[in-house]
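Indexing begins at 1, ligand by ligand and atom by atom, following the structure's order. Just so you know, residue 1 is the first one in the sequence shown, and it goes up from there.
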Amino acid sequence: MKLISSIKKLCLCCMEEHEVSFVEVEETNTFKGKKLYYKARYEYCDKADEYISNEDMIEYNYFSMKDEYRRQNRLGID
Ligand SMILES: [Zn+2]
């Protein structure tokens, strides 16, 4: 898990105000039968030890996965 930034705000995970980390993690997912490893972004609540994603992150993570799928197809990796 790589820390990108952190900001003190109302955490939507535990509903308390604290430093919420914005992080990048290696994610694994299967898309159209291919196992993909790609970078995904989340907010992380260290109080609940949980990842949270808003719409922007869901979109970013989806495109990140699709990019990796296209990259593998170009390289011809099965
Ligand atoms: Zn929290």
Side-chain angles (χ1 to χ4, degrees):
M1 180 166 92
K2 191 175 108 191
L3 181 69
I4 297 170
S5 62
S6 66
I7 189 167
K8 191 171 185 182
K9 64 170 190 169
L10 178 69
C11 173
L12 296 175
C13 182
C14 63
M15 296 311 280
E16 282 176 38
E17 196 176 296
H18 67 85
E19 289 273 340
V20 178
S21 303
F22 181 45
V23 299
E24 193 170 81
V25 297
E26 290 283 337
E27 192 139 280
T28 310
N29 222 324
T30 304
F31 181 71
K32 293 191 180 177
K34 275 188 196 291
K35 199 167 191 189
L36 305 170
Y37 300 90
Y38 57 96
K39 288 183 172 30
R41 291 182 174 180
Y42 293 101
E43 283 185 347
Y44 174 70
C45 170
D46 57 353
K47 290 184 187 288
D49 189 26
E50 273 190 43
Y51 293 106
I52 318 140
S53 55
N54 61 27
E55 271 182 38
D56 282 352
M57 291 168 197
I58 290 167
E59 193 169 316
Y60 176 92
N61 296 344
Y62 182 69
F63 281 112
S64 180
M65 183 184 75
K66 295 286 280 293
D67 270 356
E68 180 57 22
Y69 178 75
R70 276 199 298 272
R71 197 183 66 85
Q72 282 203 12
N73 271 358
R74 255 202 320 274
L75 296 173
I77 299 167
D78 285 320

Closest non-hydrogen atom pair, K35 against T28: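 Minimum heavy-atom separation between K35 and T28: CE-CG2, 3.6 Å.
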
E17 with K9: basic N within carboxylate O range, under 4.0 Å: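 A salt bridge is absent here (no side-chain N lies under 4.0 Å from a carboxylate O).
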
Cationic N near anionic O, under 4.0 Å, E24 to R41: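 Looking at E24 and R41, the cut-off is met.
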
Rounded to 10 degrees, the angle SG of C11 makes with SG of C14 at the Zn ion (ligand 1):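 Taking the Zn ion (ligand 1) as the apex, the two atoms subtend 110°.
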
Backbone or side-chain N/O/S of C13 under 2.8 Å of the Zn ion (ligand 1):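 Under 2.8 Å: C13 has no N, O or S contact with the Zn ion (ligand 1).
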
Parallel, tilted or perpendicular: ring planes of Y51 versus Y44, cut at 30 and 60 degrees: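 Ring orientation of Y51 relative to Y44: tilted.
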
Residue H18 atom name (nearest to the Zn ion (ligand 1); N/O/S):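 In H18, the heteroatom (N, O or S) nearest the Zn ion (ligand 1) is NE2.
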
